[in-house]
Every structure is written in structure tokens, then in C-alpha cells.
Amino acid sequence: MINLKIVILIFITNTLIQQCSGQLENFNQIGLQNYQHLDINKNYTKIDDVISDARKELLSLMANQSIPGAVVAFSIKGKTVWSESLGLADIENNVPTHVDSPWRLCSISKPVTSVLVGQLLEKKLLDLDKPIDNYLPLSLFPIHRYKDTDYKLTLRLLMSHMAGLHVTAVPDDFSKFFKATNVTQMISLFNNEPLLYKPGTEMRYSNYGIQVVGAIIESILKTNFVDEMPKLFAKIGMNSTVIEKHENLLKHRPRYYSASPDKPTVLQTSDLIDDMFNYEGWWPAGGILSTVTDMLRFGNTLIDAYHGTDQSIVSQSTIKELWKPETVGKIKPEFHSDYAKQWVVYYMNASYPYKLAVGHSGGLLGTSTQLTLFPNERIVGTVFTNKGSLLALPDYITQVAGNFKNFI
């Protein structure tokens with residue numbers, strides 16, 4: 001085992017991944033892998049050597065876990081130091097991956113959506129602690145109950161998965177498909193369910209709660225989420241980021257694969273679920289497509305805001321609020337993480353060279369993703385793969401980022 005002993009909390013965006021891994025909880029715990037090529041204590045003198053070892057380790061991970069293709073990118077102080085595609089985007093047609101592939105972010109969509117919420121907070125159009133009925137009519141989103149008591153939910157509770165709302169059920173939720181043109185149409189399926197617990201007392205991962213956040217955005221702006229988010233993408237310069245629509249033609253779009261149920265090392269094409277059709281977790285929670293280049297740009301924009309050097313997208317105080325943990329004392333200490341407002345805050349072990357990391361994992365049918373920011377060191381790392389149910393990506397980024405310590 002390597003010397004760095006940290007435990008990273010992976011928040012799974014889709015209960016299909018939990019089903020595949022045998023987990024019924026809404027998050028998973030893993031430790032760092034046994035790396036063959038990476039050593040957090042190695043004193044690298046050349047950045048190319050860090051990248052070479054990181055590439056070897058990713059290729060090894062791909063071989064060991066039957067991952068067809070991956071795209072990875074890292075930046076330091078806003079400069080891209082590594083961006084590379086490996087393997088195949090399409091096995092059947094022998095098509096290689098591409099650094100410009102528009103990938104399903106899955107739950108990395110949640111942090112992206114949070115930035116739009118942050119802008120609305122700054123404009124005083126939203127308040128984290130006002131009851132939701134200030135934004136959505138009761139006919140659309142009624143007052144929810146737990147044990148015969150009514151509770152008025154807030155944006156803070158929704159964004160931190162502490163509202164007690166619906167948690168994805170497999171396979172029942174996947175029979176509830178319909179064509180939708182906006183997020184608001186999607187929240188009616190579960191809005192009469194009783195709360196799972198008293199709001200604010202627990203954290204249970206709810207894609208549906210983030211859908212309600214999307215409906216609030218539509219209500220405030222009197223527009224569709226799918227029309228509003230591209231404005232944010234344009235402001236940040238995320239020119240290859242889009243809301244997923246299966247019918248759109250996108251160059252370098254990868255195909256997605258899953259392990260065969262009875263043969264884990266044998267791949268099969270994943271079931272097709274179009275993000276224009278609803279179960280309870282799409283667009284704001286998991287329906288954005290992006291590239292690794294755009295993810296670096298996104299991460300660096302927020303790091304600049306955090307340091308106060310560029311607050312054109314969100315202010316320093318807003319990004320610090322979005323990254324402020326909300327689940328302290330509500331998650332087991334061994335997970336070494338907390339959930340903020342659609343962001344995960346990772347607590348580093350004392351032996352790790354950096355003390356603060358924020359980000360999010362993503363998982364959906366046939367794909368696994370990770371974005372991690374190290375704000376104080378101004379490092380951003382991201383990796384996409386076209387195989388579902390992978391748990392190693394957060395560890396991988398953390399390890400590689402730590403090996404860049406001599407080049408900050």
C-alpha cells in the first residue's frame with residue numbers, strides 16, 4: 001500500500017451503480033488503490049515524469065478493470081499540463097477516444113448547476129433559507145410531511161441532500177419515462193411522497209431534490225433550464241458543453257459500456273437512456289455533456305473566484321458559501337468528507353501535501369467521471385471513462401495531483 005491513507009467519499013449519482021456494486025446506500029467508501037506506478041513520496045524533478053507514471057497507472061487501471069476508453073486532463077495555475085485520450089470510444093468500430101469528446105458528466109452536472117444558483121443568490125433572486133413555496137406554487141410542489149408534521153423545505157436542504165426527499169429506486173423509477181421539454185415537468189412524479197426523515201437531520205442522496213432546484217431556477221427566470229444553462233457555459237467559455245439531447249449530432253461522442261452481469265470482465269453496450277426522457281434525476285442532476293478541456297476551464301474559473309482574482313462568474317463569498325459543508329456530524333467520520341451545496345468537500349489526511357479538495361464524482365449507465373479541485377494549490381484534475389460502476393477515479397486524481405506538488 002502507498003503511504004497516503006485517506007478515505008474518499010464517493011457520492012453516486014445513480015442507484016444503478018449502487019445496484020451493480022451491491023450497495024443500497026447513497027454513497028460509497030474506498031481507500032487508495034495499490035498503485036504500481038505512482039508514489040506520493042517520490043520526489044519528482046520533471047513534470048513529464050509525473051505524467052508518464054500517471055499515464056502508465058491509468059492504462060493499468062483500464063486493463064485491470066476492462067475500461068474501453070478514458071480521457072484525462074490536469075491543470076496547474078490555469079495552465080493545462082496534461083490532456084490525453086486513451087483507448088477506444090467505440091469498440092465495435094475501433095474508434096479511438098478524443099480529448100474533445102463530449103462526455104456525460106453525470107453528477108458533475110450538480111456542481112455546474114450550483115454556479116447558476118450562486119448567480120441567482122447574488123442577484124437576490126434566491127435565498128438559501130426561504131421556504132420553497134416562495135418559488136414554486138403549492139399546486140406544483142406541496143408542503144411535505146414526516147410523521148404527521150409539515151415541513152417547509154429550503155434551497156439549502158435541497159442542495160445538500162438533507163431535505164428528506166425521494167431517493168432513486170431501482171427498477172421502479174426506470175419505468176417512469178416521458179418526453180419532457182423542461183425540468184418543471186419532471187418533478188410531479190414524487191412530489192406527494194412523504195419525507196424519508198425529518199429535514200436537516202440526515203443526508204440521503206436525492207437526485208430528485210436537485211431536480212426541484214432546477215424547477216426553482218425555471219420559475220425564477222421564467223425560462224427553461226435547457227435554454228438558460230448555455231448562457232452560463234458561454235460566459236465561462238465552456239464552448240463544448242451542452243445539455244444532453246440524444247438526437248443532437250456531436251462530434252467524437254463516445255459509446256458507453258457496462259460489465260456483463262454474469263461476467264464482470266466482459267463488456268456489453270449499456271442500455272440507452274436518453275436524457276430528454278425523465279426518471280427523477282436528469283438535467284440539473286446529471287444531464288450535462290462536456291469535455292475535459294471545458295472542465296478544466298470550469299474548475300479554474302471557480303478557483304479564481306475563490307482567490308478573488310476573477311469574480312466575473314461568481315463572487316469569492318458565493319463560491320465559499322457553495323463549498324461550505326452542510327452535513328457536518330451527519331456523515332460517518334470514516335468517510336473523511338462532507339457534502340456542501342452540490343459539491344463534495346474532501347478532508348485530506350495529514351500526510352497528504354494539500355489540505356483542501358472539492359469536487360464531485362459521476363456515474364451513469366456506461367460511464368464514470370470525476371472532477372476534483374485543489375483550490376489552494378490551483379490544481380484541477382478530471383477524468384472520464386466509458387465504463388460504469390468504477391470507484392477508483394477519485395483516488396486516482398488525488399494521487400496524481402499530489403505528485404505535482406513540486407511544480408506548483
Side-chain angles (χ1 to χ4, degrees), residues 11-14 102-123 125-128 132 135-136 153-163 165 180 182-187 205-221 223-236 238 241-245 275-276 278-290 294-295 297-299 301-302 305 313-314 318-319 321-324 326 339-345 358-364 369-371 373 382:
F11 289 90
I12 302 300
T13 68
N14 188 303
W103 223 275
R104 280 180 168 168
L105 292 182
C106 309
S107 264
I108 300 175
S109 302
K110 292 178 175 69
V112 179
T113 301
S114 79
V115 175
L116 179 54
V117 174
Q119 292 182 333
L120 297 177
L121 291 172
E122 292 177 359
K123 295 176 181 178
L125 295 175
L126 287 177
D127 186 298
L128 288 170
I132 296 307
Y135 310 117
L136 297 176
L153 305 180
T154 65
L155 191 62
R156 187 186 301 274
L157 291 169
L158 294 176
M159 295 181 74
S160 60
H161 303 286
M162 295 182 66
L165 289 175
N182 59 55
V183 178
T184 303
Q185 294 172 355
M186 298 180 177
I187 67 171
Y205 198 87
S206 174
N207 287 312
Y208 175 62
I210 309 304
Q211 285 300 91
V212 178
V213 173
I216 291 170
I217 292 171
E218 291 183 338
S219 175
I220 292 301
L221 296 178
T223 186
N224 291 342
F225 183 86
V226 295
D227 296 325
E228 194 62 32
M229 287 301 289
K231 300 175 186 177
L232 174 65
F233 303 154
K235 288 179 181 177
I236 298 176
M238 299 166 65
T241 303
V242 297
I243 300 295
E244 180 165 13
K245 298 180 181 180
D275 280 342
M276 283 294 286
N278 177 58
Y279 94 105
E280 44 75 27
W282 289 140
W283 291 318
I288 297 175
L289 295 177
S290 191
D294 276 6
M295 281 293 95
R297 187 170 290 113
F298 173 72
T301 295
L302 300 188
I313 301 300
V314 288
T318 294
I319 195 59
E321 179 64 52
L322 293 176
W323 290 349
K324 181 181 177 181
E326 296 290 340
Y339 207 89
K341 299 163 193 73
Q342 299 179 200
W343 289 84
V344 180
V345 179
V358 296
H360 216 292
S361 59
L364 202 59
T369 62
Q370 177 68 30
L371 171 71
L373 282 56
T382 190

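Note that the numbering runs from 1 along the sequence shown for the chain. Values below: every heavy atom of this structure, side chains too, minus hydrogens, waters and symmetry copies.
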Apply side chain to side chain contact (heavy atoms under 4.5 Å, CB included) to residues K110 and V213 and explain how you reach the verdict.
CA-CA 10 Å; K110 292 178 175 69; V213 173; over 6 Å; no
Test your reading of the model: is there a side-chain donor-acceptor pair from [X] to the backbone of [Y], 3.5 Å cut-off?
X	Y	result
T382	Q370	yes
Q119	I313	yes
Y208	I187	yes

For [X], give me all partners under side-chain contact (heavy atoms from CB on, under 4.5 Å), at least two apart in sequence or on another chain.
X	result
S109	L105, I288
N182	T184, Q185, E218, N224
A305	V314, I319
V242	L250, L289

Below 4.5 Å, heavy atoms only, C-beta onward: do [X] and [Y] meet side chain to side chain?
X	Y	value
I216	L120	no
S206	L165	yes
T369	R104	no
M229	I217	no
L136	V212	yes

Hey, could you give me the [atom1]/[atom2] distance between [X] and [Y], rounded to the nearest 0.5 Å?
X	Y	atom1	atom2	result
H360	I108	NE2	CD1	8.5 Å
L116	F225	CG	CZ	7.0 Å
L121	L128	CG	CG	4.5 Å
E244	C106	CD	SG	9.0 Å
Q211	L158	CD	CG	11.5 Å

What residues form a side-chain hydrogen bond (donor to acceptor under 3.5 Å, both in side chains) with [X], not counting sequence neighbours?
X	result
S290	T241
T154	none
R297	D294

By salt bridge (charged side-chain N to carboxylate O under 4.0 Å, His left out) - contacts of K231 (at least two apart)
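Counting only residues at least two positions away or on another chain, K231 forms a salt bridge (charged side-chain N to carboxylate O under 4.0 Å, His left out) with E228.
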Can you name the residues that form a salt bridge (charged side-chain N to carboxylate O under 4.0 Å, His left out) with E321, not counting sequence neighbours?
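Only R156, K341 meet the salt bridge (charged side-chain N to carboxylate O under 4.0 Å, His left out) criterion with E321.
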For F298 and W343, take the angle between the two ring planes, folded into 0 to 90°, and tell me which bin it lands in: parallel under 30, tilted 30 to 60, perpendicular over 60.
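It falls in the parallel class, under 30°.
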How are the rings of Y205 and H161 set relative to one another: parallel (under 30°), tilted (30 to 60°) or perpendicular (over 60°)?
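The arrangement is parallel - the two ring planes meet at less than 30°.
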Could you pull out the closest heavy-atom pair between A340 and V345, with the gap in Å?
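Closest heavy-atom pair between A340 and V345: CB-CG2, 4.0 Å.
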Grab the two heavy atoms, one from P284 and one from G214, that are nearest each other, plus how far apart they are.
CG-CA, 3.7 Å
Please walk me through it: do Y135 and L155 pass side chain to side chain contact (heavy atoms under 4.5 Å, CB included)?
CA-CA 10 Å; Y135 310 117; L155 191 62; 5.6 Å; no
